[in-house]
Amino acid sequence: MRWSSLLIPTLREDPAEAEAVSHRLMIRSGLVRQLAAGIYCYLPLGHRILDKINTIIREEMNRIGGQEITLPAIHPAELWQQTGRWAEIGEEMFRLKDRGRRDMCLGMTHEEIIAWLAAKEIRSYRELPQIWYQIQVKFRDEARPKSGVLRTREFLMKDSYSLDVDEEGLRQSYALHKEAYGRIFERCGLTFYVVESDPGMMGGAGSHEFMAPSPAGEDEVALCGSCGYAANIELAASRPALPTFPSWSSLEEIPTPGARTIEEVSTFLQIDPRLTLKTLMVMTGDGPLLCLLRGDQQLHERKVQHLVGPFRPAHRDEVKEFTGVEVGFLGPLNLELPLLADEALAEGVYVAGANREGTHLRGVVPGKHVRARYADIHRVQAGEACVKCGGLVTVEPVIEVGNIFQLGTRYSTALKAVYLDERGQERPIVMGSYGIGPARIAAAAIEQSHDRDGAIWPSSIAPFQIHLVTVNVKDAAMRSLGEELYRSLAAAHVEMLYDDRDERPGVKFKDADLLGIPYRVTVGSRAIKDGQVEIRNRRTKADSMVPVADTVPHIQALLSRTDGK
RNA sequence: CGGGGCGUAGCGCAGCCUGGUAGCGCACUUGGUUCGGGACCAAGGGGUCGCCGGUUCAAAUCCGGCCGCCCCGACCA
């Protein structure tokens, strides 16, 4: 296609509002434009990229027996009320009323609709299993949209749902999706991890996430280099290495004037922060709770929430009210409050707050002095030991590009999606749900593959394969040679962007680097003089000169070699 | 929702503190020169200074309210 007739509004300068690399480059290379916070237009080039990604997704979904459907974006409230999510979900759901004052919402996901459809259409075990998928816009009124298309309020999502007769069937459908997802991200040219994830409010048994490592990612995963253990930080477990414990044999009060934070206390006492114990007060539904952690560890709020339900950190004056102590000198001894201790504290001897201003207590042995419930409530930090094999754990920021959930029967039961088994018994359909964010794949691809000049697209999802550039269209010979190449490449079905604009060469080359199409074919003075065109690899920046007459077969060979990657 | 920043031409910014003529670079239009890494010369077009109100003879500038966008945090199916 000719650049001169396309909308490709490249920008010379970085847009002020864009921070993340993918955000900056997607705007600069004319892929997207922002309409409002978290709401984006996809321009022709961005659209082509999404199209490429969606085609790969379709091929792999169809391959595991998925059937593409299209579901409504506007849902009646009743369905969501029946599964309880109408009330469960807060402001993140876009809600509206129709002219009859009926409550409606914009779909954030489609479990309810699928279960409704299954309830209507599935009667017998003979009709199962099924895999239904769609590539559709979803709406979530995110509290904080960010990083360009990485976190938006309206976004394209491939969501599929499996319907099975039992848990065993679900496991098979789940395994099929896991494989299909691996192939999809592989084909899109992404580096990714498959990690254990927290099923969260989806409910259900098991779940995994597909994570593309990138500094722009909002999630973190813990990875073990030895055994391959990989989990979202939201549920990852680790064993912190134990320090060498001193022989503090008895409890001893020591003055620590003004030393409130772990850093201040350990500096003041000249000890390893790992020999301190910190006491954090949180307010649960049942009142105050003290959480005990080793000084160098961080409280993992989600783990605590799993154990005690919703809670919030206590305010300064609440700590004073319930303990009579100033924040900074709180400790686990001699308080009539429930205690939740991190399991790392089961061993060792520590310095803890003495519940008296300006004083700490040395020689606290939690196992002996403290009656607490022990659990894993710390956040995994890099360098700790893997719970499976003892290997070293690393922590990395990642972009979540896909997730798979074993839902079970929550939605089918609520919406009466049932079938009759071989014995004529009515049973709930067992469901799974599986999502992929195509825009996140695009953004992750840029995050993982770019240089200072622009994007470097994997050819499988590049908007075009070849970027044909005529250096000077005012030069008649050059122009006609460019046109001739354009025609013959087009006739050979090479997917190509032809920069036929009347621009100076520098502008065209900068734009070509910015767009990041895998190969640039340049028709310049050398093509006229020596009959050679230049083919440049965007990634390696290596040039090769090819006789004009050989250009088409040469390019065809080049593209077939990189096909599918 | 808490904290911070920003809103002036299509884009990037200055002007605001200390009130009085709205400015620069890029982009755009026309003419000319130039043509392998974001050219040059000349002449142009384009802005209710986010919105509403207040103070003042006079507001982009000072004051109040609101809206929008970005970043950090909280939240996140």
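Contact annotation for Q34(A): backbone-only contact, meaning every heavy-atom pair under 4.0 Å involves sugar-phosphate atoms and none involves a base. Within the nucleic acid shown, D513(A) comes within 4.0 Å of at least one base atom, counting heavy atoms only. The residue A36(A) sits close only to the backbone: its heavy atoms come under 4.0 Å of sugar-phosphate atoms, none of a base. Nucleic acid contact for R520(A): base, since at least one base atom lies under 4.0 Å from a heavy atom of the residue.
Put simply, the side chain of R12(A) and the base of G10(B) share no donor and acceptor less than 3.5 Å apart. For N472(A) against G36(B), no side-chain N or O and base N or O form a donor-acceptor pair under 3.5 Å. Judged by distance alone, with hydrogens and angles left aside, R144(A) brings no side-chain donor or acceptor close enough to the base of G3(B) to form a pair under 3.5 Å. With hydrogens and angles left out, the side chain of E503(A) and the base of G38(B) share no donor-acceptor pair within 3.5 Å.
K474(A) places no side-chain N or O within donor-acceptor distance of the main-chain N or O of D502(A), the cut-off being under 3.5 Å.
For E263(A), the CD atom is loosely surrounded, since the number of other residues' heavy atoms within 6.0 Å does not exceed 12.
A salt bridge does not link R24(A) with E19(A): none of the charged nitrogens is closer than 4.0 Å to a carboxylate oxygen. At a threshold of 4.0 Å, the pair R520(A)-E534(A) counts as salt-bridged, since one of the basic side-chain nitrogens sits closer than that to a carboxylate oxygen.
Regarding contacts with the backbone of C72(B), a side-chain N or O of K146(A) is found under 4.0 angstrom from either OP1 or OP2. For R28(A) and C11(B), the shortest distance from a side-chain N or O to OP1 or OP2 is not below 4.0 Å. Checking the phosphate oxygens (OP1, OP2) of C35(B), no side-chain nitrogen or oxygen of R504(A) falls inside 4.0 Å.
Residues L514(A) and K474(A) both approach RNA chain B. Their nearest nucleotides, taken by heavy-atom distance, put K474(A) toward the 5′ side. Each of P505(A) and E91(A) has a nearest nucleotide on RNA chain B; the 5'-most of these lies closest to E91(A).
With a cut-off of 3.5 Å on both Watson-Crick or G-U wobble distances, the partner of C35(B) is given as none.
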